[in-house]
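Notes follow the structure.
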Amino acid sequence: MTTMSHPRSTVPMIATGEATAILPTETTSPIRVIGTASIRETFDELCIQQAINSRTAPGVTDLVLNPDAHCGYGAPVGCVMVSPSHIYPGPVGVDIKCSMSLLQLDVPAEAIEDRTVRRALIAAICKRTPTGAGKGQRSVSNGRRVNRSLGMKAVIEGASEAVCEQLGIPIRWADRCEDSFHVGHDDTQEALASRLDWLLTQRHMTNFAEKMTQLGSYGGGNHFGECEVVEVGADDRSKQVAETFGLRDGKVAFLSHCGSRGFGHNLASGQFKTLQEKFSRWSIPLPAGDRQLVYAPLGSDEADGYLDDMALGANFATVNHLLINALVLEAFQEVIPGTTGDLVYFISHNIARKEIIDNVPSWVHRKGATRAFPGGHHALAGTPFAESGHPILLPGNPRDGSAVMVADEGAEKSCYSVNHGAGRILGRKQAKRTLDQSTIDSELEDHDILSNCRFYPKDEAPAAYKDFNEVLSSVKQAGLASEVARLKARFVIKDASKADD
DNA sequence: ATGTCC
């Protein structure tokens, strides 16, 4: 872990309304901190130190610390790092393209009021989309079984027409993705194909081919599937934007959070190890002495390798999400015949993208941060969201709900980014030690929220996370985005295999 | 986050 050399009390902070700037040095531009006074109290010293380390690392031109920030691998989870010249694997994160997706169904809230209907839906979804470490696909749909060659095609092509067709994913959903596919360092798919062939020969990529067949599964930790009722805001703008997004007030929707599973993990951890060995062998100084902040200058073989690996992992996550949504829709159709549904959006919070920041083409690393392009942003031209801005999907907690937001003009000052959720306030061990199981379970019961878990995981309880409304207030008060709708949980699907640790 | 340590 990083050694603390800048105690919090010595870090100069400049308040700019509800956004606060920390000055890492006298010569670099400030870190912009998005957070109300109470949110700023949630940043511990290591989190702030990681932000300073990241801001002062080679080639970095901007850093934003979001209200949901907490300690991460090298950089805080909940930050945006911008560089025109360098790529940083740590500030993308270990779960490459961890993302959110939202499926709007035409089912009225009343249709799932009956607990037996919700129990049947939980069973139908769990039958198709497994949870837990090491768990692969157990699709009951013959046409959607992922063998090795289809897995390879998916990680090379992403949500291409052919991949969608083979997996029974409606092709129109590809237009509802932040990015429906990723290409290699030279902007070609061929780079990914040859990189994949090479990776498959590498010893440290253990069971790599099998990991590609885990498409259509949730995994564990904070990943989840959640059945929601949509509550669109009462104001005219919310109603109008909700219509553009395809959100339907008072109807059922399904929110998913997952990433690139063991496949992306293997790629990310392989890159950390490879780059750390090179830094060590070549005696290159580490940013702030932190080996978790290894980097590669763009144009180097190392950067090319990382960008290819990131793209492969990102393609896995993309197809994984779309397949999960297709399987969830199929589950609803099994329980409630005739159900139709469409993807609202699919958007990541762990990815580096090429964007233009302050007129400079840069790699924007979002580590636990969500892209937030407002209406009129050049990159949205030709998409369904050119005028409105795209949907921003933010998981909160089952008790307070989750949120759909839309960016405002002010998002420019946060490098077109907002938070990615509530953000952890208690470490997993701390949560397991201090939180009471029956309090957690009875709170969900009081809200009539069902779950596939006999005991809800303590380290995932609402109390293990920051106050979601305070986090959202930070974003709104800084002028970054506005809330369009709240999603109220009706049942949750999570990995319960480690709930009794 | 991840078959939870190379």
Side-chain angles (χ1 to χ4, degrees), chain A residues 1 50 68-79 89-101 129-138 199 202-215 217-225 256-281 291-292 294 309-310 312-314 316-318 320-321 324 348-352 365-370 395 420-424 426-432 457-460 464-465 493-501:
Chain A
M1 290 302 263
Q50 288 185 332
D68 54 343
H70 56 91
C71 296
Y73 187 90
V77 175
C79 81
V92 168
V94 61
D95 187 3
I96 294 167
K97 211 182 181 188
C98 188
S99 312
M100 302 301 305
S101 57
T129 60
T131 57
K135 294 286 169 52
Q137 195 198 36
R138 59 170 170 233
L199 286 164
Q202 299 300 297
R203 265 189 98 83
H204 69 283
M205 306 307 280
T206 45
N207 299 323
F208 197 55
E210 287 69 34
K211 285 170 182 166
M212 279 184 275
T213 66
Q214 291 185 337
L215 287 164
S217 64
Y218 274 111
N222 61 8
H223 290 170
F224 66 85
S256 294
H257 177 209
C258 64
S260 48
R261 306 284 280 105
F263 183 75
H265 182 270
N266 211 337
L267 290 164
S269 57
Q271 282 289 342
F272 296 150
K273 191 164 162 277
T274 302
L275 284 169
Q276 284 161 1
E277 280 170 1
K278 297 210 172 189
F279 268 67
S280 169
R281 197 179 327 135
R291 65 201 297 269
Q292 298 183 350
V294 288
D309 286 5
M310 183 180 75
L312 288 166
F316 181 100
T318 303
N320 191 31
H321 261 267
I324 283 173
S348 180
H349 46 241
N350 277 15
I351 193 75
H365 305 66
R366 293 192 178 88
K367 182 183 177 69
T370 315
H420 80 309
R424 190 164 276 286
L426 298 178
R428 292 193 181 277
K429 274 174 288 188
Q430 197 185 358
K432 285 176 183 170
K458 281 187 190 176
D459 53 342
E460 287 297 315
Y465 286 87
I493 288 165
K494 281 190 81 76
D495 173 31
S497 63
K498 291 184 289 184
D500 53 359
D501 283 358

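To find a chain, count down the sequence lines: A is the first, B the second, and so on, and within it residues start at 1.
When every heavy atom of A/V94 is checked against every heavy atom of A/A268, the shortest pair comes out as O-CB, 3.4 Å.
A/K211 comes within contact range of at least one nucleobase, with a heavy-atom separation under 4.0 Å. A/R424 comes within contact range of no nucleotide atom at all, as no heavy-atom separation falls under 4.0 Å. Here A/G262 lies in heavy-atom contact (under 4.0 Å) with sugar-phosphate atoms only. When heavy atoms are screened at a 4.0 angstrom cut-off, A/H204 is found touching no nucleic acid atom at all. When heavy atoms are screened at a 4.0 angstrom cut-off, A/G264 is found touching no nucleic acid atom at all. A/G219 comes within 4.0 angstrom of sugar-phosphate atoms only, judged by non-hydrogen atoms across all strands, and of no base.
Distance CG (A/N266) to C1' (B/dC6): 13 Å, rounded to an integer number of Å. The separation between A/N320 atom CG and B/dT2 atom C1' is 14 Å, rounded to whole Å. The interatomic distance linking A/D95 (CG) with B/dT4 (P) rounds to 15 Å, in whole Å. The nearest whole Å value for the distance from the CZ atom in A/F208 to the P atom in B/dT2 is 15 Å. Between A/Y73 atom OH and B/dT4 atom C1' there is a gap of 15 Å when expressed in whole angstrom units. Between A/H223 atom NE2 and B/dT2 atom C1' the separation is 10 Å, expressed in whole Å. The distance from atom NE2 of A/H265 to atom P of B/dC5 is 8 Å, rounded to the nearest whole Å. Following rounding to the nearest Å, A/F272 (CZ) and B/dC6 (P) show an atom-to-atom distance of 14 Å.
With respect to A/R291 and A/E277, no salt bridge is recorded, no charged nitrogen being found less than 4.0 Å from a carboxylate O.
No side-chain heavy atom of A/M100 sits less than 4.5 Å from a side-chain heavy atom of A/T370. At least one side-chain heavy atom of A/C258 sits less than 4.5 Å from a side-chain heavy atom of A/I324.
Each of A/K97, A/H257, A/H420 was compared with A/H349 under the side-chain hydrogen bond (donor to acceptor under 3.5 Å, both in side chains) criterion, and only A/H257 meets it.
Close to B/dT4, at under 4.0 Å from its OP1 or OP2, lies no side-chain N or O of A/R428.
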